[in-house]
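We use all heavy atoms of the structure for the numbers below, so side chains are in, but hydrogens, waters and symmetry mates are not. Per chain, numbering begins at 1; letters A, B, ... match sequence-line order. Owing to the predicted nature of the structure, the values given are computational and were not obtained by experimental measurement.
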There are 2 protein chains.
Amino acid sequence: MSTQPQLCHSNCDDCPIRHRAVCAHCDKDELEELEEIKYYRSFEAGQTVIWSGDQMSFVGSVVSGIATLTQTMEDGRTQMVGLLLPSDFVGRPGREGAPYDVVATTDLVMCCFRKKPFEELMARTPHIAHRLLEMTLDELDAAREWMLVLGRKTAREKIASLLSIIARRDASLTKRGMSGPMVFDLPLTREAMADYLGLTLETVSRQISALKKDGVIHLEGKRHVTIPDMGRLMEEAGDDTDGGFLV
Amino acid sequence: MSTQPQLCHSNCDDCPIRHRAVCAHCDKDELEELEEIKYYRSFEAGQTVIWSGDQMSFVGSVVSGIATLTQTMEDGRTQMVGLLLPSDFVGRPGREGAPYDVVATTDLVMCCFRKKPFEELMARTPHIAHRLLEMTLDELDAAREWMLVLGRKTAREKIASLLSIIARRDASLTKRGMSGPMVFDLPLTREAMADYLGLTLETVSRQISALKKDGVIHLEGKRHVTIPDMGRLMEEAGDDTDGGFLV
DNA sequence: GGCCCTACTTGATCTGAGTCAAGGTCCTTC
DNA sequence: GAAGGACCTTGACTCAGATCAAGTAGGGCC
């Protein structure tokens, strides 16, 4: 039973993350209430967590693994509209159906709250509602940032944008900081990257090869990436700002 | 002084729209409080309402005219990330700077609330906070829908998608309904459409001509559009759903 | 160790949309 | 009613990225 206001509801000590939606400032009664409606769910890589149109019976956060939000057209063209990394929140309080598929890209563990009672608690607890609004605004900013990437950037810039987003997220998650070279494993296949960037997997592969040849990134195997110079990568991405976005 | 719960704060009778963010269920005291912090602003076509990075001192709704949210890269490439039509809400309660430019595309009138006191009222008034969360979720859905358009649709599908969005918005605004042919004026130049769709203005022009030649739309002059068959248009847009999205 | 399978790479070719350029249309202003 | 200008259209050509088609690399399993 943690009592620091920073930590979220009590038992989440066994999550590596805290529920960012419901952390901070929750008092003891609220934490206990949350505890009662909390449960864990696991998914295997490739499993669909929620189908587009389905009822969502929970809200929650990713504990470990990666999930994606994807939209699909009748003819099979797909576009990822969001990437969920550990600590990211999933859920649409007050909404019924999901407007996209949520798919586990790797093995996935989520920490969930039952939706109905969560919504009731939210209605009674302004600071939770406020926190959710903040998070939704963050997601909206990220989505709009991504619209610029999809609409106006070249294939090379798109790849650089994706890599810099993943690098920054990884740095903040592992608290390794952004100074010096960045090292991480790509959490996505070439195809998933293509679906996120509105490209084909062949183009993704070619551009990654090109960035490697030009020394912007190093690759060990197919997934292990080293970025010797983040500034250089961000130039390649066409980013003027140093702000960091992503769902 | 309207007392119907449906109508928003009292004096907004002189807006053709009601503040959707703060409408319904506001009691008399709340309406009076809103009244005190309300004011109108007008902009000429082409004027920038808010520059990216600026402090936003208000939240509000479009009364008449069109505004766009646009992001610009250093080299001048621009992408519209949102379209604000009458009754749409603008504002980021709890946020400081704007992450994009807000530009008046036509002459524009907005009905605004001063931000600080609005936020204070919101903190005290759960149903306003709740309404804002709902609206933000709507915008997020619209943004993600648009990511599919930008990432995966052809030029022809993009144009058809934009036309069907405008047609639907127009129908709901004028309460004219969706049965029979739809008639409306395009509120955007070819260039603005291009910036919204991630295309060039030449491609927009060519695709509009093509849709006209194929009888999907009729054009009188350059802006006055008739859509004889919405179903046909939505097929052209590649939409399976009949759901209607947009910021 | 050899086999298979999935993930990835690379090459050759094609094509949709961009670029560059030349008009056309219609509105405004004097 | 002529001149100017914003907005739009259309044509010719180019090119980035898609498509089609072989491959290679590496991990798991018998």
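Note: NZ (A:K158) to P (D:dA16) measures 14 Å, nearest angstrom. If you measure from atom CG of B:L150 to atom C1' of D:dG17, you get 17 Å, rounded to the nearest angstrom. Regarding A:R190, its CZ atom lies at a distance of 9 Å from the C1' atom of C:dT9, rounded to whole Å. The distance from atom CG of A:L197 to atom P of D:dG17 is 12 Å, rounded to the nearest whole Å. In this structure, B:L188 places its CG atom 16 Å from C1' of D:dA6, rounding to the nearest Å. Rounded to an integer number of Å, the gap from A:I208 CD1 to C:dT9 C1' is 11 Å. A:L201 places its CG atom 15 Å from the C1' atom of C:dG11, with the value rounded to the nearest Å. Rounded to an integer number of Å, the gap from CE of A:M193 to P of C:dA7 is 12 Å.
Residue pairs that meet the salt bridge (Lys or Arg N to Asp or Glu O under 4.0 Å) test with at least one member in residues 207-227 of chain B, sequence neighbours left out, are B:R156-B:D214.
Note that CG of B:L69 and CD of B:E139 are 8.0 Å apart. Values are rounded to the nearest 0.5 Å. Expressed to the nearest 0.5 Å, how far CG of A:L140 lies from OG1 of A:T136 amounts to 8.5 Å.
Counting heavy atoms of neighbouring residues, nucleotides and ligands inside a 6.0 Å radius, atom CD of A:E191 does not exceed 12 of them.
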Scan nucleotides 12-25 of chain C nucleotide by nucleotide, 5' to 3', and note B when protein non-hydrogen atoms come under 4.0 Å of the base, S if they reach only the sugar-phosphate, - if neither. B----SSBB-----
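In this structure, A:S205 reaches the bases: a heavy-atom distance under 4.0 Å links it to at least one base atom across the strands shown.
Checked against B:D239 for a salt bridge (Lys or Arg N to Asp or Glu O under 4.0 Å), the options B:K158, B:R168, B:R232 give a single hit: B:R168.
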When you look at A:M135 and A:D88, which way does the side-chain contact (heavy atoms from CB on, under 4.5 Å) test go after all the steps? CA-CA 10 Å; A:M135 292 199 323; A:D88 281 334; over 6 Å; no
